Trainee: 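Mind looking over this structure? Questions follow.
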There are 2 protein chains.
Amino acid sequence: MYEMPQKNPFKKSFFDLKELVDCIQENLLCPATIEDTNHRLHAYSSHEDDTDSARIGTIISQRVPEKVINRLWKEGVIPKLLQTDGALRIPHIEDIGLRDRVAIAIRKNNETLGYIWVVEDQKKLNGAQLELLQDAAVAATPLMAKLYQNRKRKEENYQDFLWQLLTGHYKNLEEIHNKFYDLNLKMPERFTVLAFCFEQDITRKMEEQISYLITTSQKITNHFLVVMDEELILIASPHPSQPDEKAFDDFISFFVSEMANRFSIQGVRGSAGTGYQDFDKAQTSYQEALKVLKMKERFPEELENVHHFRHLGVFRYLNLIQKDQRSRRYEHPAIAKLEAYDALHKSNLLQTLEVFIQQDSNMNDAAKKLFVHTNTLHYRIKRISEIGGIRLTNIHEKIGIYLDLKARKMDDK
Amino acid sequence: MYEMPQKNPFKKSFFDLKELVDCIQENLLCPATIEDTNHRLHAYSSHEDDTDSARIGTIISQRVPEKVINRLWKEGVIPKLLQTDGALRIPHIEDIGLRDRVAIAIRKNNETLGYIWVVEDQKKLNGAQLELLQDAAVAATPLMAKLYQNRKRKEENYQDFLWQLLTGHYKNLEEIHNKFYDLNLKMPERFTVLAFCFEQDITRKMEEQISYLITTSQKITNHFLVVMDEELILIASPHPSQPDEKAFDDFISFFVSEMANRFSIQGVRGSAGTGYQDFDKAQTSYQEALKVLKMKERFPEELENVHHFRHLGVFRYLNLIQKDQRSRRYEHPAIAKLEAYDALHKSNLLQTLEVFIQQDSNMNDAAKKLFVHTNTLHYRIKRISEIGGIRLTNIHEKIGIYLDLKARKMDDK
DNA sequence: TAGCCTTTTGTGAAAATCTACAAAAGAAAC
DNA sequence: GTTTCTTTTGTAGATTTTCACAAAAGGCTA
């Protein structure tokens, strides 16, 4: 068989990624795709009919399907790719429709900019071809870098606008519309502000990991992203595939757990404000999200599964109530009495009362939480009513004293 | 038998009531007492050992025992006395220790100032003696009037002080102490402000009926009384015989029902603030009492049995919450959705939800209130959760939406 | 240490609540 | 007018909750 002279076809400059990917196909005789670090598709070679479903899915949706990404993480493929300089062979994964393929990271100064994926035929690529792929990756670097630069420039332009939007600088809806138009930004029909709080300042690298997770989650459509020290703010809509507001709850859970799993970034707390139509409510939604974060910090147990302002319930008003109490110097007489009793008898009737109400007045649940016998709790509740002079059978008194109890927790510590 | 010449012993002026009452005894040969309209004892003749227990009780406590008063009302004695000019014979009432006696009202210009009571012996008073008693009553009039005048003058002196106290004019406790001293008023150890709202302006006559009820109730010790148009304000302590704060609840119920029963004054609403020690809290206690009245007006059903601020429960905060909602233009998304659903399907899920929570999430109670089958309610609650996107199993969401529902009721109408 | 009071735990029967299923009635859609 | 979806009501067994009573344990005081 006659071999072509060994001239390196990638030692030239390419006009764009499309030209490069076609060149790869010509030289390796396999279909190729180029993705950025968020697995968004940027170029793909024309291919024969015969290709695998993962590739088709990627091309259709312009993005690698979530289940494929998840699997690649689980199998350790992505982490390995991020660390390896050369091409990497990935054995086929049947159930997500992934045939054998070879991938390589596109890098610039140790920073990963994207990936080249090549689907292998029956005939596997040989060593020389794999080395050729490395050259292709080098050739891709300036093109990918340009892509990121463009994006970054655009980003810088609108960052301060977004910040102003979130802090209520624009009161007028028309003004906001114009500004969107000026900046050439598409205004989503509906939006929700998400806020995340990290344990340390968000670095450039973390920012990438963040936008990686957002893009790959497929749960929400993120429109804008703002980073401010330890805080990350997203303006997003539910993903078309997920119908309602539940999407945000899911996304936040996903985001927090995956930041920990994939990137070992622990202790991220996330929240969402109400979804609104008009962007003059951006500040409101942001404030709501912040309120959720603040309350979660104070009441981690109570709000463990709460991410959305809509589920904040009575905690929305706790701040208000606490301030009122303080300004009036009001203390619920029953609380005062119970506290005195507790101090004198080393009991904990106050806590008992709080847990009892928090368990929706369910004796069994509350007894379990308190590690006492049901009848013990029964007895205590009777005593609490007597000592505090309260009628726990009355829902309004019950809610009232519960609010007072919770409001107390707002200022101590 | 030799009869004394018919010279009228009461046609002279008496130095005080004691002199008069002794004169009655001398002439009628029966023990006599003089009371004011509040059945407070002002003078009694020295008596033989043989007298009835009602009289002894009256002398000991300086006031006619409550059970005796109640009985005299029930038997129609007091109303009749108030209407009759001459002396009235009251047959004995065994079970409250009341022997046969004769009574007469002391009057001035149709206004009753008090009563003279005479306990009869075996030998009943004859007609002439009864007429003599009428003269005694006339003789008593100027003395009783002086008594009232003194009281009235003293009252006028401190009325504006009290009003200032209640409206927070005095911030300084020492200043208040001094003022009490200047006015020669005894400052009670603890006090509670009670507020009553009448349907029409309080007349002079009603004022007397009011102070009558206060004095005879024996449930509270009233220290001061202020009347302002339709409003009656008391500064009181629990009666020594009644131990704790429950006294006020009892008194208010008693007062409202007896104003209706005895004097046909309907629609009185009463309330009490918290009990405090220091009088710089007078305004607070008063404001609390007013708040109870205001909320009772808005939520008559919910607060039907609530008179004391301590039992106002969550309604303490409703005003605050409503204002907050209004200023933020916040509407709970679930409420909005349910309201829309109700309008579209002519259902009443919102009301269902409110009743359900108000019945402490008890399906049976709530179903009864709504006149539907338990399972119907069950079904509705499930639908409410779905449509509103709320988790009614979560107490915090439940309280939250309940507060929002109640707060809505604050401004409509 | 005994006696008294408060608190905790155990037991079991009565009362209630929950759950699933199904029929029937009403409303809305075609 | 028929069909479909929503809503209401009924029945019954399983499960939970409530309540009364009593024993035991712990604390405090004389």
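Quantities reported herein were computed from a predicted structural model and do not represent experimental measurements. Reminder, nothing fancy here: chain letters follow the sequence lines and each chain counts from 1.
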Trainee: Sugar-phosphate atoms are those with a prime plus P, OP1 and OP2; base atoms are the rest. Using that split, label each nucleotide of nucleotides 4-19 of chain C B, S or - for protein heavy atoms under 4.0 Å, 5' to 3'.
Mentor: --SBBBBB----SSSB
Trainee: Atom CD1 of A:Ile381 and atom C1' of D:dC19: how far apart are they, to the nearest Å?
Mentor: 16 Å
Trainee: Taking the six-membered ring of B:Phe254, is the NZ or CZ of B:Lys219 close enough (under 6.0 Å from the centre) and on axis enough (within 45°)?
Mentor: yes
Trainee: Output the rounded distance in Å from CG (A:Leu392) to P (D:dT18).
Mentor: 13 Å
Trainee: Looking at B:Glu397, is its backbone amide N or carbonyl O close enough to the side chain of B:Asn394 to form a donor-acceptor pair, meaning the two atoms are under 3.5 Å apart?
Mentor: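 Such a contact is found between B:Asn394 side chain and B:Glu397 backbone.
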Trainee: Once you round it to whole Å, what is the distance between C1' of D:dT17 and CG of A:Asp360?
Mentor: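 Value for this atom pair: 14 Å.
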Trainee: Considering non-hydrogen atoms only, spot the tightest contact between A:Tyr330 and B:Arg316 and give its length.
Mentor: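 Closest heavy-atom pair between A:Tyr330 and B:Arg316: CE2-NH1, 2.9 Å.
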Trainee: Pick out which of A:Lys398, A:Lys337, A:His332 makes a side chain to side chain contact (heavy atoms under 4.5 Å, CB included) with A:Ile390.
Mentor: A:His332
Trainee: Can you find a side-chain donor-acceptor pair between B:His396 and A:Tyr402 that sits under 3.5 Å?
Mentor: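 Note: B:His396 and A:Tyr402 side chains meet the donor-acceptor criterion.
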